[in-house]
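Worksheet for the structure shown next.
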Amino acid sequence: QVHLVESGGGLVQAGGSLRLSCTSSRLTLSNYAVAWFRQAPGKEREFVARISRPNGFIDYTDSVKGRFTISRDNAKNMLYLQMNNLEPVDTAVYYCAAGDRITPYYYVSAYDYWGQGTQVTVSS
């Protein structure tokens with residue numbers, strides 16, 4: 001079952017920006033740690049960014065630091081990923097995730113709930 005719904009993907013030129021959004025009609029996202037992952041063709045799903053719960057710690061994978069910003073709006077039950085200065089290597093399907101497992105946050109297994117993903121394609 002799909003618990004989360006992503007939107008905002010698309011085709012953009014290198015150096016451009018996109019904002020991804022994620023919401024749920026079934027889950028209250030503020031009750032969970034939330035994260036963004038991505039999966040490029042032929043590669044494993046990899047961690048991009050996360051917001052912990054309850055402290056709200058934010059972490060990013062090194063390759064997106066200074067370019068991507070993760071945020072949440074609890075009143076709207078929304079999670080966002082602002083992506084600036086996009087590069088062709090950022091091309092992937094992006095997934096939002098939510099969970100509360102005691103597992104390192106960069107592991108796929110740390111999250112119980114996932115969306116179906118949104119495609120981001122960056123042309124050179």
Side-chain angles (χ1 to χ4, degrees):
Q1 289 184 332
V2 176
H3 289 83
L4 303 172
V5 179
E6 304 95 339
S7 61
L11 173 63
V12 64
Q13 289 187 330
S17 299
L18 286 173
R19 188 176 82 155
L20 306 183
S21 300
C22 173
T23 190
S24 176
S25 61
R26 303 165 66 96
L27 303 176
T28 300
L29 296 181
S30 60
N31 290 340
Y32 300 92
V34 289
W36 289 95
F37 283 71
R38 65 187 180 186
Q39 188 166 16
K43 295 189 176 181
E44 293 187 353
R45 194 169 297 189
E46 66 170 359
F47 168 79
V48 176
R50 69 112 181 200
I51 304 176
S52 73
R53 178 188 178 273
N55 295 318
F57 295 139
I58 291 178
D59 292 278
Y60 299 94
T61 192
D62 285 347
S63 63
V64 307
K65 286 180 180 176
R67 301 188 299 122
F68 291 12
T69 303
I70 188 172
S71 62
R72 67 197 304 174
D73 185 332
N74 291 337
K76 296 181 179 179
N77 204 35
M78 295 290 294
L79 175 69
Y80 303 103
L81 185 68
Q82 177 67 44
M83 305 186 296
N84 298 328
N85 194 21
L86 282 159
E87 304 170 357
V89 294
D90 296 317
T91 295
V93 177
Y94 283 70
Y95 299 90
C96 64
D100 56 6
R101 299 194 179 196
I102 303 176
T103 304
Y105 61 83
Y106 43 85
Y107 285 179
V108 169
S109 58
Y111 304 91
D112 296 298
Y113 307 106
W114 292 84
Q116 290 187 314
T118 185
Q119 177 71 47
V120 172
T121 303
V122 184
S123 63
S124 57

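In the hydrophobic cluster analysis, where Ile, Leu, Val, Met, Phe, Trp and Tyr join through side-chain heavy atoms closer than 4.5 angstrom, Tyr80 is grouped apart from Ile58. No chain of hydrophobic side-chain contacts below 4.5 Å, direct or via other Ile, Leu, Val, Met, Phe, Trp or Tyr residues, connects Val120 to Leu11. In the hydrophobic clustering of ILVMFWY residues, with side-chain heavy atoms under 4.5 Å counting as a link, Val48 and Ile51 come out together.
For the atom pair CG (Asn85) and OG (Ser17), the distance works out to 7.5 Å, reported to the nearest 0.5 Å. Expressed to the nearest 0.5 Å, how far OG1 of Thr118 lies from CG of Leu81 amounts to 11.0 Å. In this structure, CD1 on Ile70 lies 9.5 Å from CG on Asp59, to the nearest 0.5 angstrom. One finds the OG1 atom of Thr69 at 6.5 Å from the CG atom of Asn84 (value rounded to the nearest 0.5 Å). Between His3 atom NE2 and Cys22 atom SG the span is 12.5 Å, to the nearest 0.5 Å. Rounded to the nearest 0.5 Å, atoms CG (Asn74) and CG (Leu29) are 8.0 Å apart.
Between the side chain of Thr91 and the main chain of Val122, a donor-acceptor pair closer than 3.5 Å is present. Listed for the Gln82 side chain is no donor-acceptor partner under 3.5 Å among the backbone atoms of Arg19. Side-chain atoms of Ser24 come within 3.5 Å of backbone atoms of Arg26 as a donor-acceptor pair (strictly under, hydrogens ignored).
Residues Asp100 and Arg53 have side chains not in contact (no heavy-atom distance under 4.5 Å, counting atoms from C-beta outward). At least one side-chain heavy atom of Phe57 sits less than 4.5 Å from a side-chain heavy atom of Arg50. Side-chain contact between Val34 and Arg72 is present, with heavy atoms from C-beta onward closer than 4.5 Å. Inter-residue side-chain proximity for Arg67 and Tyr60 is flagged as unmet; no heavy-atom pair is nearer than 4.5 Å. You'll find the side chain of Lys76 stays beyond 4.5 Å of the side chain of Thr23, heavy atoms only. Between Arg38 and Val64, the closest side-chain pair of non-hydrogen atoms falls below 4.5 Å. No side-chain heavy atom of Gln116 sits less than 4.5 Å from a side-chain heavy atom of Val5. At a threshold of 4.5 Å between non-hydrogen side-chain atoms, the residues Leu79 and Leu4 do not count as touching.
Scanning both residues, Pro104 and Ala110, for their nearest heavy atoms gives O-CB, 3.6 Å. Between Ala14 and Ser124 the shortest heavy-atom distance is CB-CA, 4.4 Å. Minimum heavy-atom separation, Ser21 to Met78: CB-CE, 3.6 Å. When every heavy atom of Ala33 is checked against every heavy atom of Ser52, the shortest pair comes out as CB-CA, 4.3 Å.
By the 30° and 60° cut-offs, the orientation of the rings of Tyr94 relative to Phe68 is tilted.
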Show, in sequence, the C-alpha distance, side-chain angles and deciding distance for Tyr105 and Tyr111, and conclude whether the side chain to side chain contact (heavy atoms under 4.5 Å, CB included) test is met. CA-CA 8 Å; Tyr105 61 83; Tyr111 304 91; 3.6 Å; yes
Determine, step by step, whether Phe37 and Trp114 satisfy the ring-ring contact (aromatic ring centres under 6.0 Å, His included) criterion, reporting the C-alpha distance in whole Å, the side-chain angles of both residues, the deciding distance to 0.1 Å, and the verdict. CA-CA 10 Å; Phe37 283 71; Trp114 292 84; 5.1 Å; yes
Under the criterion side chain to side chain contact (heavy atoms under 4.5 Å, CB included), I'd like the reasoning laid out for Met83 against Leu20: C-alpha separation, chi angles, the key distance, then a yes or no. CA-CA 8 Å; Met83 305 186 296; Leu20 306 183; 3.7 Å; yes
